[in-house]
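Here's the structure we're looking at; comments come further down.
These numbers come from a predicted model, not from an experiment. Quick note on labels: first sequence line is chain A, next is B, and so on, each numbered from 1.
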There are 2 protein chains.
Amino acid sequence: MARAATTSDAFNAVAEPRRREILNFIALQERPVGEIVDLLGMEQPSVSKHLRVLLQVGLVNVRRDGRRMFYRTDAEAIRPIHEWTETFARYWRHQLSRVKERAELRIEASKDIGPDSIPRRKDDFDGNKN
Amino acid sequence: MARAATTSDAFNAVAEPRRREILNFIALQERPVGEIVDLLGMEQPSVSKHLRVLLQVGLVNVRRDGRRMFYRTDAEAIRPIHEWTETFARYWRHQLSRVKERAELRIEASKDIGPDSIPRRKDDFDGNKN
DNA sequence: ACAATACATTCCTATATGGGAATATGTCAA
DNA sequence: TTGACATATTCCCATATAGGAATGTATTGT
């Protein structure tokens with residue numbers, strides 16, 4: 001099997017950086033394609049294709065006005081991603097407090113032993129975590 | 001150009017559902033590969049390959065113990081994704097309250113004009129948003 | 001009807017993929 | 001050393017890109 005289609009879900013769709021840029025750009029206000037092209041500096045066909053992908057997974061809505069198509073981000077479709085990452089938030093919030101504690105310990109220690117005894121960042125991750 | 005490598009960043013790495021499953025599974029506790037294979041019901045080479053991708057983008061850490069390799073999710077690497085989605089959270093929170101308001105209005109209205117005048121969901125998005 | 005404008009689609013191609021199968025590597029135990 | 005165990009890697013292939021270039025389609029103004 002090959003990689004899943006970009007249109008298979010929001011996760012795959014937003015993996016592409018340009019598509020995230022577009023979503024950011026049209027989050028507050030709907031915009032016609034031409035504006036996206038101009039302000040984000042992408043090729044028009046490229047933008048149309050990206051918008052098509054986003055539309056298929058429900059990440060954007062469209063509205064036609066004359067010859068222009070106004071696209072806008074539908075934030076609701078990003079929610080599943082947010083929720084998936086949210087389950088991990090408690091871990092890094094945890095880790096953050098641990099890092100803070102350690103930092104304080106280091107400050108205490110360095111008063112006596114000097115800065116050379118301060119472990120580099122890498123050791124926090126490579127070594128014995130348990 | 002083809003699609004960006006799965007190893008290019010966390011966004012691309014987590015686009016694959018199996019990899020998200022793995023990340024969920026080893027979030028609380030480090031696990032040897034064999035356990036992931038058994039409990040998630042994937043082929044061993046497949047798990048190894050997924051773990052390699054996750055390792056390359058820093059989404060997991062490894063520790064060797066004898067012949068076993070213990071992997072564990074590094075939640076910190078998921079943070080950029082969470083933060084990107086967080087910028088949209090305010091929109092759907094917004095929209096939620098708007099939906100609530102509208103729901104209340106509909107309830108009021110339906111007392112007088114009956115249920116047929118309730119606009120279908122689609123109209124909320126297609127129509128005049130500004 | 002016709003030209004101009006605004007988008008969408010098609011065709012092309014190099015490239016990366018994920019799964020299956022087979023094999024290689026590394027580590028321990030006797 | 002040898003065998004067993006745990007994991008990693010390689011090979012093969014069908015598939016889906018994303019971008020560039022060219023072309024198609026829809027809509028408006030005259």
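Nearest nucleotide to the B:A5 side chain, out of D:dA6, C:dA16, C:dA6: C:dA16. The side chain of B:H50 lies closest to C:dG18 when the candidates are C:dG18, C:dA8, D:dA21. Of the candidates C:dT9, D:dC5, D:dG29, D:dG29 carries the atom nearest the A:R67 side chain, counting heavy atoms from C-beta on. Picking from D:dA18, C:dA6, C:dA21 the nucleotide with the shortest atom distance to the side chain of B:P45 gives C:dA21. Proximity note for A:T6 (side chain, C-beta onward) versus D:dA8, D:dA18, C:dT17: the nearest is D:dA18. Distances from the side chain of B:Y71 to the nucleotides D:dA8, D:dT7, C:dT9 place D:dA8 closest. Among the nucleotides D:dT9, D:dA18, C:dT10, the one closest to the side chain of B:K49 is D:dT9.
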Item to check | Residue pair A:E86, A:R93: steps toward the salt bridge (Lys or Arg N to Asp or Glu O under 4.0 Å) verdict | outcome: CA-CA 11 Å; A:E86 180 62 31; A:R93 280 166 196 152; 3.5 Å; yes

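Base contact: B:M1 has a heavy atom under 4.0 Å from a base atom.
Between the side chains of B:E83 and B:T87, not a single donor N or O lies within less than 3.5 Å of an accepting N or O.
Between D:dT17 and A:R3, no contact under 4.0 Å exists linking OP1 or OP2 to a side-chain N or O. Distances shown here put a side-chain N or O of A:R64 below 4.0 Å from the OP1 or OP2 atom of D:dT27. An OP1 or OP2 oxygen of D:dG19 is reached within less than 4.0 angstrom by a side-chain nitrogen or oxygen of A:S46.
If you check residues 7-21 of chain A against DNA chain D, the residues with a heavy atom closer than 4.0 Å are A:E16, A:R18, A:R19, listed by number.
Atom-to-atom distance recorded for A:R20:CZ and A:E16:CD is 8.0 Å, nearest 0.5 angstrom.
Using a 4.5 Å cut-off between side-chain heavy atoms of Ile, Leu, Val, Met, Phe, Trp and Tyr, with links allowed through other members, B:L51 and B:V14 fall into the same hydrophobic cluster.
Nucleotides of DNA chain D nearest to A:G66 and A:A4 differ in position, and the one nearer the 5' end is that of A:A4. Nucleotides of DNA chain D nearest to B:V33 and A:D65 differ in position, and the one nearer the 5' end is that of B:V33.
Distance, B:I26 CD1 to D:dT7 P: 12 Å, rounded to whole Å.
In this structure, the ring of A:W84 has its center no less than 6.0 angstrom from the ring center of B:H82.
Side-chain atoms of A:Q44 and base atoms of C:dA8 include a donor and an acceptor less than 3.5 Å apart.
For A:R68, the CZ atom is loosely surrounded, since the number of other residues' heavy atoms within 6.0 Å does not exceed 12.
A cation-pi arrangement is not found for A:R31 relative to A:F70, the charged atom failing to lie both closer than 6.0 Å to the ring centre and inside a 45° cone about the ring normal.
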